[in-house]
Amino acid sequence: VGSCVAALAAGAGFCAGALVGGTVLVWSSNGRRLLPPMQLDGEVAFMAAGGRWTLLVVSVSGSMMLLDLRQQCCRLQASLSPVVAAATAASASVTSVWLSSNGNVPMACLSTRTMFAFHLGMRCWLRMTDDIAFAGSDFASSLPALLGGDTVMAEQARMPNGAAAAPAAWPLRASLFTDSAEEQRATTAHHLEAKMAASRVLGTAKEYKRWLMAYIRHLAVDADERRLRASGLANEANVDGLPSLAVAGGGVQVEDGWYPHELGMDKRRLLQQEVLPVIASTNRAMQRLVSEFNEMFESLSNNLASTA
């Protein structure tokens with residue numbers, strides 16, 4: 001290759017090597033050169049492959065490119081600078097950059113185990129995990145992330161260089177002695193909200209539903225009717241016939257701005273068959289709220305039948 005190889009990455013259909021000096025070479029799976037050498041604006045700091053033909057390249061200057069080698073086009077050109085700034089503010093470092101398991105989302109991790117994902121639609125970095133901010137949550141853990149769990153933790157387990165095993169128990173231990181019971185419950189709610197949002201970004205319906213059920217159960221235990229209503233139950237299911245301001249991750253948008261599906265799941269069915277039974281079984285004091293929504297569903301069913 002004419003120079004020292006600084007980084008390697010391989011997908012199902014290609015292998016890429018970054019040379020000292022910022023040159024990237026790409027070969028097919030049988031060793032045939034696919035492209036002329038690509039010259040970047042500096043040395044390659046991170047390189048990762050995803051799917052069959054996707055290559056993520058980050059230079060030492062922070063320039064990031066997501067390349068489709070089959071179509072020979074750049075799907076994304078962005079900067080790692082916001083993540084570097086977050087690392088500097090936390091007296092940490094960027095330990096790894098990689099692609100999510102579906103090969104579409106650029107991910108980055110700090111030495112503090114804080115994980116970021118790049119939102120392709122909004123063109124910005126989102127903080128997916130923060131062990132310190134949610135140290136007092138009932139769902140916080142200082143154990144290493146394991147593959148096969150929820151997708152966000154599975155992405156932590158895929159962090160190169162052993163970053164997922166970095167110790168983070170000290171803020172958890174400290175929070176046990178400093179947080180009141182009310183503060184711990186509030187932190188848990190915020191943590192679950194963050195988990196749901198992260199699952200939405202990664203497009204994982206199974207994990208989103210899991211965290212949604214945990215969140216609803218958490219609010220039901222506290223008999224927090226105000227927050228249950230504020231969580232968007234009526235708007236998400238649109239059972240009251242009013243326009244919804246909720247923005248979902250999937251589905252077809254109807255004319256009033258409401259989306260009937262969330263990550264492929266029918267919202268009304270989710271509310272009626274999953275959420276309401278959880279509320280009813282968790283706290284009998286919330287039966288009035290459950291009955292109210294059941295009456296809404298009955299009224300909606302009658303209206304639909306009369307217009308059919």
Side-chain angles (χ1 to χ4, degrees), residues 5-18 22 24-29 34-35 38 40 43-84 86-87 93-111 113-129 145-165 197-208 249 263:
V5 177
L8 288 171
F14 73 95
C15 178
V24 177
L25 304 178
V26 181
W27 298 270
S28 68
S29 56
L34 292 179
L35 291 170
M38 292 185 289
L40 305 184
E43 301 280 350
V44 173
F46 301 101
M47 190 165 64
R52 185 171 179 83
W53 295 102
T54 304
L55 178 66
L56 177 69
V57 182
V58 181
S59 71
V60 293
S61 66
S63 175
M64 182 177 71
M65 292 190 300
L66 187 62
L67 306 174
D68 186 327
L69 299 179
R70 185 181 184 86
Q71 300 296 327
Q72 296 188 11
C73 64
C74 181
R75 292 167 48 192
L76 170 70
Q77 190 164 11
S79 175
L80 196 67
S81 298
V83 176
V84 175
S93 60
V94 181
T95 58
S96 55
V97 178
W98 73 103
L99 284 169
S100 62
S101 55
N102 62 13
N104 295 324
V105 181
M107 314 285 292
C109 174
L110 307 186
S111 55
R113 292 209 316 175
T114 300
M115 188 173 67
F116 294 84
F118 192 86
H119 195 290
L120 299 179
M122 297 192 297
R123 292 295 195 270
C124 68
W125 289 96
L126 304 179
R127 185 177 301 181
M128 305 294 280
T129 61
L146 298 175
L147 285 169
D150 78 272
T151 302
V152 177
M153 291 190 69
E155 291 297 344
Q156 282 185 302
R158 295 179 68 247
M159 295 174 185
N161 305 323
S199 299
R200 234 191 233 115
V201 171
L202 293 176
T204 54
K206 181 179 178 180
E207 282 73 32
Y208 174 78
L263 297 176

Practice task
Tell me, with the steps shown, if Val201 and Leu126 meet side chain to side chain contact (heavy atoms under 4.5 Å, CB included).
Solution key: CA-CA 9 Å; Val201 171; Leu126 304 179; 3.6 Å; yes
To the nearest 0.5 Å, what is the distance between [atom1] ([X]) and [atom2] ([Y])?
X      : Y      : atom1 : atom2 : value
Leu67  : Gln77  : CG    : CD    : 9.0 Å
Ser100 : Phe118 : OG    : CZ    : 13.0 Å
Leu99  : Met47  : CG    : CE    : 11.5 Å
Ser96  : Met115 : OG    : CE    : 10.0 Å
Leu34  : Cys15  : CG    : SG    : 10.0 Å
Glu43  : Ser59  : CD    : OG    : 9.5 Å

Practice task
Answer whether the closest heavy-atom distance between the side chains of Val26 and Met38 falls below 4.5 Å.
Solution key: yes
Handout entry: Side chains of Leu110 and Val94 in contact at under 4.5 Å (non-hydrogen atoms)
Key = yes
Completion exercise
Exactly one of Val58, Leu56, Leu40, Val24 clears side chain to side chain contact (heavy atoms under 4.5 Å, CB included) with Met65, and that residue is Leu40
Which atoms form the tightest heavy-atom contact between [X] and [Y], and what is the distance?
X      : Y      : answer
Trp125 : Pro106 : CZ3-O, 3.7 Å
Leu8   : Gly17  : CD2-CA, 3.7 Å
Glu207 : Ser199 : CB-OG, 3.6 Å
Ala9   : Ala49  : CB-N, 4.0 Å

Problem - Test log, rule side chain to side chain contact (heavy atoms under 4.5 Å, CB included), inputs Tyr208 and Leu202 - result: CA-CA 10 Å; Tyr208 174 78; Leu202 293 176; over 6 Å; no
Handout entry: CA sep, side-chain torsions, deciding dist, call: Arg127, Thr114, side chain to side chain contact (heavy atoms under 4.5 Å, CB included)
Key = CA-CA 7 Å; Arg127 185 177 301 181; Thr114 300; 3.8 Å; yes
Problem - Plane angle bin for Phe14 and Trp53 - parallel if under 30°, tilted between 30 and 60°, otherwise perpendicular - result: parallel
Practice task
Could you tell me whether the side chains of Ser63 and Ser61 share a donor-acceptor contact shorter than 3.5 Å?
Solution key: no
Practice task
Decide if atom CZ of Arg75 counts as having more than 12 heavy atoms of other residues, nucleotides or ligands within a radius under 6.0 Å.
Solution key: yes
